[in-house]
Amino acid sequence: MKIAPSILDADFSKLQEEVDSISTADRIHLDIMDGKYVSNISFRARDVEAIRFPVETEAHLMCDTPEIYFDEFQKLGVVGITFHIENTGEDRALELFGDLKSRGIRAGICIDGYTEPEALSDEVLRQADKILVMSVKAGKGGQSFMSESIEKIKTLRSRGFAGEIEVDGGVNLDNVKLLAEAGADIVVVGSFIMKRPAETRAEVIGEFQKA
Ligand code: DX5
Ligand code: ZN
């Protein structure tokens with residue numbers, strides 16, 4: 001399994017040290033919250049522009065109007081941007097995929113913890129580079145894993161989706177194997193990594209990568 005730690009619960013007063021402590025991860029996940037789609041507000045690209053990320057980054061936009069963040073995260077150099085079908089609906093999602101792809105950014109679509117995979121049409125599945133299955137309700141770290149997400153992954157694979165499936169929310173070393181077996185490629189892990197001492201994180205990242 002690949003792992004993308006989320007820095008949502010990192011200590012932003014020493015963020016460079018924090019990202020250096022997760023340098024063996026496959027990718028770093030940036031959770032952007034606008035205070036509208038979700039009540040919390042997290043951070044913007046400018047808040048991390050001075051950070052030297054040791055591995056590639058991706059942005060997860062939990063935001064009513066995701067497109068207004070595309071320029072700043074392109075400038076930051078993310079490899080992928082994921083937005084929510086709950087925010088855009090299908091037609092706008094397809095337009096935004098085109099926009100992201102023309103920028104050379106991988107286009108991801110997310111279903112929130114309470115959304116069924118049927119909310120993604122076959123056309124969305126054909127055009128998306130990545131599907132992010134949330135296994136909590138978007139909005140904050142440290143929530144418990146919703147096991148329904150396992151069936152959602154299987155459904156998406158059985159419908160023929162061959163792109164990347166990423167799972168986000170409540171992931172730990174107890175559920176990662178089930179996610180791998182269901183067909184997930186990469187897990188986002190927030191509190192399970194960032195709430196432990198920096199010097200122990202690389203070992204835990206290695207455990208996920210073995211799963
Ligand atoms: C939740 C975010 C997640 C979250 C993951 O709204 O999208 O990325 O930070 O954190 P944990 O692993 O603590 O659920
Ligand atoms: Zn996320």
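None of these values were measured; they are calculated from a predicted model. Each ligand, and each atom within it, is numbered from 1 in the order the structure gives. Values below: all heavy atoms of this structure, side chains included; hydrogens, waters and symmetry mates excluded.
- Under a 3.5 Å cut-off, the side chain of Asp168 and the backbone N or O of Val188 do not form any donor-acceptor pair.
- In this structure, Arg103 and Asp71 approach most closely via the heavy-atom pair NH1-OD1, 2.8 Å.
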Determine all donor-acceptor pairs shorter than 3.5 Å in which one atom belongs to a side chain in residues 91-98; sequence neighbours excluded.
from: Arg92; atom 1: NH1; to: Glu95; atom 2: OE1; distance (Å): 2.5
from: Arg92; atom 1: NH2; to: Glu67; atom 2: OE2; distance (Å): 3.2

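- In this structure, Cys110 SG and Glu86 CD are separated by 6.5 Å, a value rounded to the nearest 0.5 Å.
- Annotation: ligand 1 has protein neighbours Ser6, Leu8, His29, Asp31, Met33, His60, Met62, Met134, Ala138, Gly139, Lys140, Gly141, Gly142, Asp168, Gly169, Gly170, Val188, Val189, Gly190, Ser191, each with a heavy atom less than 4.0 angstrom from the ligand.
- Remark: the backbone N or O of Ile165 is paired with a side-chain donor or acceptor of Asp185 at under 3.5 angstrom.
- Taking a 6.0 Å sphere around CD of Glu203, one finds it holds 12 or fewer heavy atoms contributed by other residues, nucleotides or ligands.
- Ile105 approaches Ile81 most closely through the heavy-atom pair CG2-N, 3.6 Å.
- With sequence neighbours excluded, the residues forming a side-chain hydrogen bond (donor to acceptor under 3.5 Å, both in side chains) with Glu58 are Arg27, His29, Lys130, listed by chain and number.
- Applying the 6.0 Å contact sphere to NZ of Lys75 captures no more than 12 heavy atoms from other residues, nucleotides or ligands.
- Protein N/O/S atoms closer to the Zn ion (ligand 2) than 2.8 Å number 4 in this structure.
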